[in-house]
Protein chains: 2
Amino acid sequence: MTGPADFDVRQFLPYLLNQAAEASSLEFQKVYKDKYGMLRNEWRVLFHLGIYGQMTASDIGTRAQMHKTKISRAVQRLAERRYLTRTRAEDDRRVEYLALTAMGQKVYQDLKKTAADYDAALVDGMSEKDAATLRSLLERLALRP
Amino acid sequence: MTGPADFDVRQFLPYLLNQAAEASSLEFQKVYKDKYGMLRNEWRVLFHLGIYGQMTASDIGTRAQMHKTKISRAVQRLAERRYLTRTRAEDDRRVEYLALTAMGQKVYQDLKKTAADYDAALVDGMSEKDAATLRSLLERLALRP
DNA sequence: ATGTAATAGTTGTTTTTGTAACTAACAAGC
DNA sequence: GCTTGTTAGTTACAAAAACAACTATTACAT
């Protein structure tokens with residue numbers, strides 16, 4: 001039985017997850033940063049709009065588990081760069097519909113392709129099965145309340 | 001064959017890793033933050049010293065893949081709280097040996113125990129085998145240059 | 001020995017984030 | 001209709017991270 005007494009903190013999941021997340025984000029981060037001047041939160045908002053089309057800031061918050069201030073600022077910057085448009089809802093004037101512009105779509109497609117390639121490099125050497133297990137467990141950990 | 005065209009960005013490893021890392025860090029973060037007023041980098045430095053005993057800031061940097069400014073500031077705060085002591089090396093006066101005080105050790109032991117419990121909760125419901133696969137793949141991703 | 005480079009660690013400045021408080025619009029109960 | 005509460009989103013301020021420049025010391029080559 002493995003108790004707390006001989007627990008190896010180097011194997012602590014939050015630590016391993018952070019290490020892996022930081023390391024694996026590094027290379028891809030450079031792409032959206034250097035090429036498009038984007039921050040991580042902006043990339044997240046962008047790809048959610050790319051996937052789902054038009055949605056509100058709250059929708060994004062729910063889907064991406066992002067706080068509303070992060071979204072608010074990311075949306076501002078993306079709007080400045082003309083990657084998205086904001087449309088006030090007519091039935092509920094608190095709400096704003098967000099959608100990518102043509103330019104935003106192009107950036108999304110480009111980044112998505114780069115992401116696909118980079119993802120392939122990351123799982124290179126892993127078995128299909130292990131990679132699938134990894135993704136599924138990560139999803140599960142991410143959804144944990 | 002799965003090409004970039006139909007790649008689902010929601011399955012992008014860096015994204016999943018960041019989501020899982022953020023979510024899983026949350027609960028534990030509160031412990032070292034609220035109970036000991038520590039930041040993540042301080043917790044990292046602390047547990048490295050707890051594991052390896054005396055080491056230099058550079059050693060920690062190598063082991064934990066942390067930048068030296070992060071370490072420098074974390075060490076400062078830990079020293080202020082009397083969780084560690086700094087000893088100038090006699091043979092090379094640029095170097096400082098860091099080691100936990102008795103109080104630092106106690107904090108480390110307490111956090112380690114909490115971490116062990118929390119880790120157990122995280123893997124609860126996973127098979128032993130899957131949990132092991134997860135840790136091993138994370139380690140591998142973390143070490144990627 | 002002496003100028004050049006490298007290493008250990010710190011400090012200063014700028015960006016980003018986190019937290020809380022805020023405005024505006026809507027909803028519901030009485 | 002008017003108070004109370006809720007939701008959408010923004011803004012202000014404080015905390016933290018990133019990045020670059022810095023000091024001090026040692027190593028190395030000529």
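We name chains A, B, ... by the order of the sequence lines, and we start the count at 1 in each one.
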Is it the case that more than 12 heavy atoms not belonging to Arg144(A) sit under 6.0 Å from its CZ atom?
yes

Can you find a donor-acceptor N/O pair under 3.5 angstrom joining the side chain of Arg73(B) to the base of dG9(C)?
no

Expressed as a whole number of angstroms, how long is the span from Asp34(A):CG to dC19(D):C1'?
14 Å

What is the distance, rounded to the nearest whole Å, between atom CG of Leu39(A) and atom C1' of dA16(D)?
15 Å

What integer distance in Å separates Lys70(B):NZ from dT16(C):P?
15 Å

Any Gln76(B) side-chain N or O less than 4.0 Å from OP1/OP2 of dG9(C)
no

Would you state whether a donor and an acceptor, one from the side chain of Arg93(B) and one from the base of dT25(D), lie under 3.5 Å apart?
no

Do the rings of Tyr32(B) and Trp43(B) sit parallel, tilted or perpendicular, given the 30° and 60° boundaries?
parallel

Whole-Å distance, Lys30(A) NZ to dC19(D) P, equals 12 Å

Contacts of Lys33(A) and Asp92(A) projected onto DNA chain D by closest heavy atom; the upstream (5') one is Asp92(A)

Assign Ile71(B) to base, sugar-phosphate, or nothing according to its heavy-atom contacts below 4.0 angstrom with the strands shown.
nothing

Counting only heavy atoms not in Arg63(B), do more than 12 sit closer than 6.0 Å to its CZ atom?
no

Integer-rounded Å distance: dA27(C) P and Asp91(A) CG
9 Å

Is any side-chain N or O of Ser72(A) closer than 4.0 Å to OP1 or OP2 of dT10(D)?
yes

Which parts of residues 44-69 of chain A get close to DNA chain C, meaning a heavy atom less than 4.0 angstrom away?
Thr69(A)

Inter-residue atom distance Leu78(A).CG - Leu84(A).CG, 0.5 Å rounding:
5.0 Å

Look at the aromatic rings of Phe28(A) and Tyr118(A) and report parallel, tilted or perpendicular, splitting at 30° and 60°.
parallel

Just call it for Arg86(A): base, sugar-phosphate, or nothing, with non-hydrogen atoms closer than 4.0 Å on any strand.
sugar-phosphate

Please state whether the phosphate of dT16(C), meaning OP1 or OP2, lies under 4.0 angstrom from any side-chain nitrogen or oxygen of Arg77(A).
yes

Flag the pair Phe47(A) / Tyr15(B) as yes when their ring centroid distance falls below 6.0 Å, and as no otherwise.
yes

Would you say Tyr97(A) has more than 12 foreign heavy atoms packed within less than 6.0 Å of its OH?
no

Whole-Å distance, Asn41(B) CG to dT17(C) P, equals 16 Å

Side-chain contact check for Arg94(B): nearest option of dA25(C), dT11(D), dA8(C) is dA8(C)

